[in-house]
Structures are given as C-alpha cells and as structure tokens.
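Read the structure below first, then the notes.
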Amino acid sequence: MTTDKLEWLPLSTPTPPPKKQLSAGELPCPTCGWPIASNIDTCPHCGRSRDAAPTGDILATLGLELPPPVIEAVTVPADWYRPDAPLSPPGLYQLRLQAERLRVTTGFDRLICLDDISVDHYQHQLDAALRVLRDMRGRALLADEVGLGKTIEAGIVMKELLERGLVNSVLVITPASLTWQWQEEMTAKFHESFEVLEDLSQWPDAPVENQPARYIISLSRAKSAQWAERLLSRSYDLLIIDEAHKLKNHRTAAYKFVNQIRKQYVLMLTATPVHNHLLELYNLITILRPGHLGTRRAFRDNFIKRAEPRYTARIVYSHTPPLPYLRLTGQERRDALAQGQTDRIYQRTTDINDLPNLRLDRRGRRAVQTIESLLADGYEVIDFEAIRPTFWQGYSFVCVLNLTEAALEARQKRKPVTPDNPAALRQLLREVMVRNRRSSVGVKFPPRRAAIYAFDLTPPERQLYDTMTIYIRQELRQSTDLSRGALQMSLMSLQKQLCSSPAAAARSLQSLVDRRPDDPRLAEALVLAWGIRQSRKLVATLDLLAQYPGKFLIFTDYLPTLELLVKELNQAGIETVAFHGGLPALDRLETVRRFRDSARVMVSTQSGSEGHNLQFCHQLINYDLPWNPMRIEQRVGRLHRLGQQADVSIFNLSANNTIEAYILDLLARKIRMFELVIGELDLILGQSDDDRGFERRIEAAWEESLTEAELAQLIAQLDQILGQAQSEYDTIRSASDELSDLLEAMDEVRPP
C-alpha cells in the first residue's frame, strides 16, 4: 500500500496596494488614479493634467512609426596602422593617454562600463546608477524594493568609478551569510576579484594608504575590536554596506564603527530603511552625508510629529485632609534634608490610588476626571505630591502624568513615516536616496507554484533512519563539552544525509566506523545502508519526471546523492548531467551548454549553480531540503528571477515522519516562503530575537527532543517565534510603503 501524495500548495497572489480613498469633491486622476481635489488642475502624485488623456501608445494611436535607429561608425585614419609610421615618444604617449582619460571623465551623462560587465540589467538599474553618480556624487542610499537588483545597481556604480579611475580601494560590509555570495557576484558579473576577510593574517602588516584593495567582510566581524582597529587604520575610495538597516540605531557599536570609516564614496543598500521611526532614516543618511538633515534636534523639530507631552494636573482640596503621614514636623523635615531624603518632605508617590476619598471643590472634581481619562488613554502617573501652602491650611495635590513606553510605541507605529513637513523632507531625501517600486518600474516576476511530494520510506530505509536517529541523540547527550564541537558537526551532518540518500549516509558512516571500529551499532548501520539499492526518493523523482515533461534542475547537497542520481537517471534513458563546485571552469560551461541543448536533467549541488543563467529551465526539484531556508531561496532564485518567461514549478520531496518533513511544513505552510519575493525571507528571518540562525534553532530542537511528539512541540514554539517575526516584517513593509508614497508624491499645485 502506497501513501504517495503530491500536494500543490495554495499560494496567494500578491495584491496591489489599495488606492487612495476618494473624499467629497475629489475625482481620480485619469493617469494614476490618485485623488484630485476639484480646485486643482494638476495631479499631486504623477504631475499630469487632470484633463490629460490616459497614457498609452500615443504614436500607435496617431498612426506614426519611429524610423529605425542609425548607428554611425567613425572611420579610423589609415595612417594609424602604417608599419612604417614613426613611434611616438614616451612623453607624448603619456600625454595622449591622460587626454583620453580626461575625455571619458568629463561627466556622468553616460555609462562606459556596460560592455565590461556580464549582467542582464534593466533600465531602472541604469537610471539609478546614473542618478547616484551624476546627482548624488557617489553617496546614496539604494532602497529599492526587494528583488529589483540593488546589488546590481551598486555593482554598476562601482565598476563605473573603477573604470574612470576614481576608485582604487573598495570595502564591502555585509551580513555574515552574504559574504561569499557578494564575492561570487562581483567575480561572475563584474569581473572584479574580492578577498573575503576571515582571518587577521589576511590583513597586510603595513597597509599603504593608496594601495589597491578589494575587501569583503561581515559586519559582525568588522566591528570587533581587533578588526575595527585594522580597518579604521586606512581610508577607502568606496564603501558599500549591504543590509544597511542593521545600522538604524546610532547607539550600537556597529553604527559607531561604520561612522568612523574614512571614505570618499558610500553606497548603502536596504529595502527597509525605516522600521519604526523616522529617526532610523536620519541615522542612515548621517553616515552618507553628515549634516544633510541637520542636527538630531533640528530634524525632530522640523519633521517629526510631537508625541503627546507630559501632562500636569493640580487638584485643590477645600478641607485639610486627615493624612497623618503627610504631617511632618519641622524637625522631621530638617532630618530628611540632612539625610538627603528630599522625597520625604512632600511624601511623593506614583500611585494614584493613594489619593483619599475627600470632599473636593469643583476644580478638584474636574481635575480627577481629567486624570482618569488620561490613564485610560495610555498615560501613567510619574509623580504625585502633596503640597501644603503656608498661607492656607488645606492641601493641594499635583499629579504629573506621561505616556507609557508601550502607548508611545503604538502611536508611533500607526504613522511611523508621516512627517510634519513632507514637501521639505521629500526634497532632502531625493538628493541622497533612490527607491524604486516594482509597480512603478514595470518589473514583474514570473508566476510560481510549489508542491510537496510526500511518501513513506521503505522498511530498510525506515530502520536505518530510526536506529541512527536514536544513536545520534544518545551520543550527543553523552558527549562532554570538550569533545562536543567536532562530534556534533559530524553527527548532525549524518542526520541530514539520512534524509538525502542511503549512499550519502553510507559515506559518513564509513568515516565514523574508521574512527570507532569497536562500535557494533555503526558497523550494522553501515551494512544496512550498503544493502539499500534504490532509495524511495529516487522512485519519487522518476515519477515526477514521468508526469511532467520538460527540463528539470535537481538540487542536492551531497556528492554521493548526486552521483547516484546521475547514474540511475541515465540508466533509465533520461539524459542527465552533473554540476558541482569541483568541476573545472571549462567543464562547468560545457555542462550548462549540454543542459541547455540536449540534456533533460541537471543535478547540481548548492555551490555549483551560482553565476550561471539557467532561465531556459522552469522546473526544480529539492531532492533534499537544507535546514537553512536561505539556501532554499537561493536555489529557487536560479530559475525564478527577472527574465524567466514560464511559470516556475518547485517540487519538494518529503519523507513522512522525518525532521525534513517538519522543516518543510514549517517553511511551506507557516512562513509560506514559496510565496515570498526573492529577498523577503532574509528580511523576515532578520526579525528573530537573537543571533541564532534558523538552522541552529532546528538543530537545537532536534537535540533537545527525545520523541517525535517532543520534536513537534519544539517546532511549534519555533513557529510562534517566526510568526511574530513575520508580523513585525509586515509592519516594517507598511512603513516602507509610506516612505515610497512620500518620495513619489508631487508637491501640491495650488491655484493662484
């Protein structure tokens, strides 16, 4: 009896942002739909006239056709190539060379680097690069929405500055998970070799100030004391900071370190420059261009709406209250002053309930009602003192209230980006910030669909998985702190390979048997793994290939699994090629060519597919599932990207009752990662509360559980953490949308 089940996940389609609601006396703009007041002739959003016809192909409407483009070629003088032409002296040659350099650096009206990069660029990326170079003088905050290619824009700016001789040293600061990805993209797309700094020995003993440099380093490593001292010892022509929103707090060590770096040009990349407050944007722009937004106090005064101020209420009693604890004698007051206990003089308190139920005059009753309404609105009492005037025998009570932190934060989150003076702030931001939206640049990602192919393991595979799972858990619990590090790495790797294939598990088991020849459990498991000739996953893969025609890209993390797949698929009559990081460069190109031209399947490891255009394929199989969801996103990104013409299908193989099935359920159904645009997952995971990555959380849940029920419970706790992170990201995305509206709005045109 088979329990195979192919389930297509219900993916929601992204909905466009809601249009502005029309108020009384407003009509929608015929071009963009923005509300236009009846007394305004020009749309404040797109700048077009209210009476203008909707945009479209005006030339086609008029029956006109543009003439074909004409390319003019400059004829090279014949004497340039005369063999008997005299050679120019070295001085004249250097003068001519300098003149040519000056000729191409007269201005940034065009990009001269496009022929030297291997990038399928888009017009909005070229426009952004030109704007950064020409209008922002190489200091910009690149804040495009996720998936629009901020890295490409930064790379184009960098390459242009390099080719014009304006940049000699480049420092790239990224999150730790993106260092090698940046190195690969800079090499493959921009042909610039960067060194990833990981060890102090990589830093030169005596760095020269103007020495060429191409460095990439993680932010966590760069801000450490040893690395910060070295990195700050020289200046850089160009500083690039990826995921710049991590510097939104000016009190952190990371912010203070980056702000000290001496640099000529700065590019900061983030899709979410504002999370909760406009001051976060102020902090980022201060790194770019100090003083551009004025002082912090001036920025608050000019652009940030005031929170509700502290409120003071005075309650006057018409009768002397019988409060013996307030009746301090003169000697008691002097003693309190001598001991520094000034708070005892008026018996201050912060508990409004200390107020006795006394007869109040009219003003006192109104004050109490005011205090009660403020308490209900989120205020708290921060000071409450009784004062006895010398000229009157009664007492007056002064109650000071302020907003609680929770209430203040909630009010700020309602409109975190709405400034007091939007027109002035918009003008300042446009001088240092580029933000493109997918809706405005016309970039559309191809549709995608995802499925889970669930199946039961064969009895031998189930026996191997269960026995080794028990063994690994026992060994990890019995290990000491000294031996835990290396042992944990090897055993966790074995656990992942058990989900991949018996062939991959057998190779790790053989290594463990060589180190522990006296352990009979390992030897029995190795014999069992060798005896499994065909894994259940392989049967599922053949089933998918039979059901769905067309090319397939299959990802696995382990070479034994890759070798097994290539062998079995070729024997089944399916032309299959292997792609992995160990192939020479020419063999990699040949493998991709074969996959494009004749082979139906390419089996690839994670490292093998980087930097190659595989958009001629639109079907992907996750043969084994990485415990790091970012690697899954990188896999999908090889096919689901700008330029893909077909719907992308993602098949995820899942063996029932394995750790892999729990992870896939968490990612697919809870986070719904297959609905996200490339780049959104990283932003969601970045909202988690500590430095532990998703993969380490999964490992910890697996180690701490003794049974499958306990594992399911721990996974459910992780689900709650990620659900909260996704909710926080939705709030941040809302703030980013408000910022986009602010930047795109036109200054209102008022009638004379």
Side-chain angles (χ1 to χ4, degrees), residues 17 124-125 128 131-132 135-136 138-154 157 172-175 178 219 239-252 254-255 258-259 265-294 296 299-300 302-304 412-413 415-419 421-422 424-441 677 679-680 682-687 728-745:
H124 74 273
Q125 296 169 342
R131 187 178 165 197
V132 169
D135 302 333
M136 303 180 184
R139 288 177 171 251
L141 177 62
L142 300 177
D144 289 356
E145 289 185 342
V146 290
L148 293 185
K150 293 182 292 295
T151 305
I152 300 299
E153 294 172 0
V157 172
V172 180
I173 299 178
T174 77
L178 300 178
L219 179 60
L239 173 65
I240 301 177
I241 304 170
D242 196 12
E243 304 296 336
H245 54 267
K246 296 182 182 296
L247 304 175
K248 64 182 184 294
N249 187 350
H250 70 288
R251 294 186 177 92
T252 62
Y255 182 94
V258 172
N259 202 30
Y265 304 104
V266 191
L267 300 176
M268 303 180 73
L269 286 61
T270 175
T272 56
V274 177
H275 287 194
N276 296 311
H277 201 274
L278 271 176
L279 276 177
E280 298 168 350
L281 184 61
Y282 173 88
N283 294 333
L284 297 182
I285 293 177
T286 298
I287 294 178
L288 278 175
R289 193 176 296 180
H292 182 71
L293 297 179
R296 187 176 301 273
F299 184 78
R300 284 179 181 272
N302 293 331
F303 301 114
I304 297 181
Q412 290 175 341
K413 283 186 176 181
K415 288 291 182 181
V417 188
T418 304
N421 191 350
L425 181 59
R426 179 163 54 247
Q427 182 61 36
L428 289 171
L429 293 181
R430 285 174 176 172
E431 296 176 7
V432 294
M433 184 175 178
V434 176
R435 181 168 178 84
N436 291 308
R437 306 172 89 167
R438 289 188 294 274
S439 58
S440 61
V441 300
V677 176
E680 282 186 322
D682 184 34
L683 294 171
I684 292 174
L685 296 178
Q687 302 307 311
E728 292 176 3
Y729 171 68
D730 291 339
T731 302
I732 294 170
R733 186 171 57 180
S734 176
S736 299
D737 290 340
E738 289 184 38
L739 181 62
S740 296
D741 291 340
L742 172 66
L743 290 170
E744 292 177 359

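The figures here come from the full heavy-atom set of this structure, side chains too, leaving out hydrogens, waters and symmetry mates.
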Practice task
Evaluate the criterion side-chain contact (heavy atoms from CB on, under 4.5 Å) for residue pair R131 and M136; output intermediate values, then yes/no.
Solution key: CA-CA 7 Å; R131 187 178 165 197; M136 303 180 184; 3.3 Å; yes
Fill in the blank from the handout: Across all chains, not counting sequence neighbours, the side-chain hydrogen bond (donor to acceptor under 3.5 Å, both in side chains) partners of R435 are S740
Handout entry: Pairwise distance CZ(F299) to CG(L425) - rounded to 0.5 angstrom
Key = 5.5 Å
Exercise for the section: Mind checking side-chain contact (heavy atoms from CB on, under 4.5 Å) for H250 and listing every partner two or more places apart, or none if nothing turns up? Expected result: Y255, N283, R296
Handout entry: Nearest-0.5 Å distance that lies between atom CE in M433 and atom CD1 in I285
Key = 7.0 Å
Practice task
Please tell me if the side chains of L429 and L281 come closer than 4.5 Å, counting only heavy atoms from C-beta onward.
Solution key: yes
Fill in the blank from the handout: Heavy-atom closest pair (A154 atom, L142 atom, distance to 0.1 Å) is N-CD1, 3.9 Å
Handout entry: Side chains of V157 and Y265 in contact at under 4.5 Å (non-hydrogen atoms)
Key = no
Problem - Listed once per pair and sorted, the side chain to side chain donor-acceptor pair (under 3.5 Å) pairs that draw on residues 142-152, sequence neighbours left out - result: D144-N436
Handout entry: Pairwise side-chain contact, H124 with R437, heavy-atom cut-off 4.5 Å (strictly under)
Key = no
Exercise for the section: Decide yes or no for L269 and I240: does some side-chain heavy atom of the first lie under 4.5 Å from some side-chain heavy atom of the second? Expected result: yes
Problem - Which atom of G149 lies closest to which atom of Q125, heavy atoms considered - result: CA-NE2, 3.7 Å
Handout entry: Euclidean distance, M268 CE relative to I241 CD1, rounded to 0.5 Å
Key = 4.5 Å
Completion exercise
What one should report as the nearest heavy-atom pair of H292 and E431 is CE1-OE1, 2.9 Å
Problem - Nearest atoms (heavy-atom pairs only) where A140 meets V132 - result: CB-CG2, 3.6 Å
Practice task
Please determine which of I173, L284, T252 meets the side chain to side chain contact (heavy atoms under 4.5 Å, CB included) test together with L247.
Solution key: L284
Exercise for the section: Would you please test D242 and V172 for side-chain contact (heavy atoms from CB on, under 4.5 Å) and show each step? Expected result: CA-CA 8 Å; D242 196 12; V172 180; 5.7 Å; no
Exercise for the section: Check the pair T286 / L293 against side-chain contact (heavy atoms from CB on, under 4.5 Å), numbers first and verdict last. Expected result: CA-CA 7 Å; T286 298; L293 297 179; 5.8 Å; no
Completion exercise
When every non-hydrogen atom of Y282 is compared with those of G294, the smallest separation belongs to OH-O, 2.7 Å
